[in-house]
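See below for the structure under consideration.
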Amino acid sequence: MIFQHAITRLPAETFAQGISSALLGIPDISLALTQHRGYVSALQQAGLNCVLLPSLPEFPDSVFVEDDAVIAGESVVITRPGADSRRGETLEMTPVLACFFEHIERIHAPGTLDGGDICQIDGYFIIGVSQRTNLAGANQLADLLRRQGFTADLLDIRGIPGILHLKSAVNFLGQQTILVDPRLKEHPLLQNFRRLIVPIEEAYAANCLRVNDLVLVPDGFPQTLSLVREAGFRTQLVAVSEYQKMDGGLSCLSLRW
Ligand code: CIR
């Protein structure tokens, strides 16, 4: 898949008031801004045109734009985030996406769905059922995708403690290869892929991000970096420690198509 565009949003000064279970301390907003610049520049280096949206102080988690929408081919699905404090983010994102996409669908109540639960593997989508994405939301998205000619399956991660979203644990790197948290390596839906198993002590780094011919890897996870490099991928380290403190990873910080 060739990506040309990305949407990102600056972190707000209220960033530290967002939702977190990480117990890694309070993020430093000035370092978060510096890391955001590094992230945008890595996306640009991978060939993307990046839209940089202004911060939204009323939504501390709004830097994690991936959760607000799912992009599938020519169309976009506006999500209904599982956390009440994040639901209004989608109202801010809809007009931005309307500049690029004619066909806009929506997840409706009682469905909830976060974009971080959607792992796209070419024309196949794995939809995580999680603390944030409920069965109603996952089934709504699967129906929408199937109507557009894609295939989709649901993968329930609710029984695995500490995994917020499916893409916290499973990410497609291209060439039939996925990077996977060891707790999901035996899942039947993942058996047909070449699986690179991230060591449990580096579980956070399962969220690497493939963009065109680059795989962005979070800084500070040397075993995962070697794993991805030795599998033949060109890598780029990106520092995201302040986002890790708020349970966010590399994919969460952008919408890409
Ligand atoms: C949240 O709990 O919603 C944010 N603090 C982190 C969201 C991370 N998003 C993602 O993994 N797609």
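Order of appearance sets the numbers: ligands from 1, and atoms from 1 within every ligand.
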Checklist entry - Taking the inter-plane angle between the rings of F221 and Y204 on a 0 to 90° scale, is it parallel (under 30°), tilted (30 to 60°) or perpendicular (over 60°)? => result tilted
Next on the checklist: If we check side chain to side chain contact (heavy atoms under 4.5 Å, CB included) with I78, which of these qualifies: I107, L91, L113, L97?
Outcome noted: L97
Checklist entry - Hey, would you say the Y124 and F150 ring centroids sit under 6.0 Å apart? => result no
Checklist entry - What do you reckon, does I19 have a nitrogen or oxygen under 3.5 Å from a nitrogen or oxygen of ligand 1? => result yes
Checklist entry - To the nearest 0.1 Å, how far is atom 10 (C) of ligand 1 from its closest protein heavy atom, and which atom is that? => result C252 SG, 2.8 Å
Next on the checklist: Pairs of nitrogen or oxygen atoms closer than 3.5 Å, one from H165 and one from ligand 1: do any exist?
Outcome noted: yes
Checklist outcome for this item: Note: heavy atom closest to atom 2 (O) of ligand 1, options R86, R132, M246, K245, belongs to R132
Checklist entry - What is the ring orientation for F64 with Y243, classed by angle as parallel under 30°, tilted 30 to 60°, or perpendicular over 60°? => result perpendicular
Next on the checklist: With heavy-atom distances below 4.0 Å as the criterion, list the atoms of ligand 1 near E66.
Outcome noted: 12 (N)
Item to check | I26, CD1 atom: more than 12 neighbouring heavy atoms under 6.0 Å | outcome: no
Next on the checklist: What's the separation between atom CG in L141 and atom CD1 in I127, rounded to the nearest 0.5 Å?
Outcome noted: 4.0 Å
Item to check | Closest to atom 7 (C) of ligand 1 (judged by heavy-atom distance), picking from D67, V63, D61 | outcome: D67
Checklist entry - What do you reckon, does K167 put a non-hydrogen atom under 4.0 Å from ligand 1? => result no
